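Since we're looking at a predicted model, the values are computed, not measured.
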Amino acid sequence: MKNVDLIVPCYNEAEVLELFYAEASKTADACKQYAFRFIFVDDGSRDATLDVILKLAQRDPARVKYISFSRNFGKEAAMLAGMKYSSGDYVGIIDADLQHSPDLIADMLAALEEGYDVAAARRVDRKGEKSTVSAFSRLFYRISDKMVDVKIEQGAQDFRLMRRKVVDAIISLPEYSRFSKGIFSWVGFKTKWFEHANRERAAGKTKWSFFKLMKYALDGIIAFSAVPLKIALLTGMAFSGIGIAYALYIVIRTLIYGPDEPGYPSIITAIFIIGGLILFSLGIIGEYLARIYLEVKHRPVYIISQTNIEPGTAAPQGG
Ligand code: UDP
Ligand code: MG
């Protein structure tokens, strides 16, 4: 019998966890050939999430495992901790809010049995999402497609099921600033994509604000691409070229027509444009520098305050 570990990142999900557990258990019971475990990762929730998880763990100690962080470290950290503490032959990641329907897990399992290494969900629509958010996320995919070295599947979700070797590959990447959509694609492996209609959240509310999403998109591009640095370089080169051409033009014109009257406005304009470009380029370099700084500090990605997963099988604190 194969073991399946389902990782469930939870941040302030007290309202929905019982419902999630009920639905996920139904799926687990239906897939009789597999032994399921749910690894709830409480990402420093400030509501009763941990209490609900503890109650579930008491009711169903064989199946409900949990890890609780000392504070909120973000979904990326929660997914990493779940993967490090998982031991199943197959490991899945699923949101707690039931936007990822557990029903799909049966099909995903079938795909793995067919020989795929990864079964991943991709959303087909953006129902239940603000139109500004959809517009920006489409823009993100357009930009990232051009810049980023790895292909980030349009609409890819974190909802997926993977073979052990894929999980081992993912956790072998030591980076601190983790952008899973990029990492999943970077490690490769044979992936089957499932179209997945976006469901409304069963309860509670989304943790993503517009600015958080923008920051996440920027993190993704910077983590997987050096193209922004090249843009700074190319713009610098282009402007130097324009400058040299203009200087030549002035020399020739002065030789032919004699000196011109002073061009005060054009100088001011040039200073603003060049000054702006220099600051812009420095800003881009700064973004990379800030991330290098975070990486070299080698801080743990998360800190665990309690868990019911046996040591032995578990990864060391913090990853
Ligand atoms: N989540 C988390 N830590 C965070 C933010 C979110 O573990 O800091 C979890 C959250 O509990 C949920 C999943 O990540 O299970 C997706 O979050 P959410 O539903 O808010 O995102 P959306 O579906 O709106 O993109
Ligand atoms: Mg959600």
Side-chain angles (χ1 to χ4, degrees), residues 74-77 131-156 170 173-188 208-299 301:
K75 188 183 178 188
E76 292 289 339
S131 56
T132 43
V133 171
S134 316
F136 269 92
S137 69
R138 263 193 289 270
L139 184 69
F140 166 75
Y141 283 111
R142 285 255 295 281
I143 294 175
S144 76
D145 213 39
K146 296 242 156 42
M147 286 192 179
V148 172
D149 314 331
V150 296
K151 168 131 185 68
I152 295 178
E153 199 72 25
Q154 174 95 22
I170 291 168
L173 299 193
E175 56 226 74
Y176 177 83
S177 310
R178 301 186 78 84
F179 182 70
S180 285
K181 284 190 202 321
I183 292 176
F184 292 156
S185 155
W186 189 89
V187 296
W208 291 93
S209 65
F210 182 71
F211 285 104
K212 261 192 168 169
L213 277 174
M214 291 287 279
K215 186 181 168 297
Y216 183 66
L218 189 68
D219 279 344
I221 289 176
I222 289 181
F224 280 91
S225 165
V227 172
L229 288 170
K230 289 192 186 110
I231 292 176
L233 180 72
L234 291 176
T235 329
M237 277 162 60
F239 269 76
S240 308
I242 294 171
I244 291 167
Y246 191 61
L248 281 176
Y249 163 74
I250 290 175
V251 168
I252 294 166
R253 204 181 60 174
T254 312
L255 286 178
I256 300 174
Y257 300 108
D260 201 2
E261 69 275 19
Y264 179 74
S266 57
I267 289 176
I268 292 295
T269 316
I271 287 176
F272 268 89
I273 293 176
I274 303 296
L277 278 173
I278 291 172
L279 285 178
F280 178 73
S281 312
L282 278 177
I284 293 176
I285 296 170
E287 287 292 326
Y288 282 88
L289 188 69
R291 282 163 181 81
I292 293 171
Y293 178 58
L294 282 178
E295 295 292 339
V296 298
K297 279 201 279 194
H298 291 302
R299 289 202 175 151
V301 178

From I274 CD1 over to T235 OG1, what is the distance, rounded to the nearest 0.5 angstrom?
10.5 Å
Give the table of side-chain donor-acceptor pairs shorter than 3.5 Å for residues 275-289, with sequence neighbours excluded, one pair per line with atom names and distance.
from, atom 1, to, atom 2, distance (Å)
S281, OG, L277, O, 2.8
E287, OE1, R291, NH1, 2.7
Y288, OH, S225, O, 2.5

Closest approach of V150 and G182, non-hydrogen atoms and distance?
CG2-O, 3.9 Å
Could you give the distance from CD1 (I271) to CD1 (I268), rounded to the nearest 0.5 Å?
5.0 Å
Please report the closest heavy-atom contact between F224 and F179, naming both atoms and the distance.
CE1-O, 3.7 Å
Determine whether a donor-acceptor pair (N or O, by modelled atom type, separation under 3.5 Å) exists between the side chain of S180 and the backbone of I183.
no
Which distance, rounded to the nearest 0.5 Å, do you find between the CZ of F140 and the CD1 of I221?
5.5 Å
In short, E295 meets E175 closest at the heavy-atom pair OE1-CA, 3.5 Å
Do R178 and L173 make a side-chain contact, defined as non-hydrogen atoms from C-beta onward lying under 4.5 Å apart?
yes
Can you list, pair by pair, the side-chain donor-acceptor contacts under 3.5 Å of residues 237-255, counting residues two or more places apart and other chains?
from, atom 1, to, atom 2, distance (Å)
S240, OG, G236, O, 2.8
Y249, OH, R253, NH1, 3.3
R253, NH2, D260, OD2, 2.4
T254, OG1, I250, O, 2.6

Can you see which heavy atom on L294 is nearest to which on Y176, and at what distance?
CB-CD2, 4.0 Å
By side chain to side chain contact (heavy atoms under 4.5 Å, CB included), F136 pairs with (sequence neighbours left out) L139, F210, M214
Side chain to side chain contact (heavy atoms under 4.5 Å, CB included) with R142: which residues, sequence neighbours excluded?
none
With a 6.0 Å cut-off (strictly less than), is the heavy-atom count around NZ of K297, excluding the residue itself, greater than 12?
yes
Restricting to side chain to side chain donor-acceptor pair (under 3.5 Å), what partner residues turn up for K215, sequence neighbours left out?
D219
Within the 4.5 Å heavy-atom criterion, are Y216 and E76 side-chain neighbours or not?
yes
How would you list, by chain and number, every residue that makes a side chain to side chain contact (heavy atoms under 4.5 Å, CB included) with A156, sequence neighbours excluded?
E153, W193
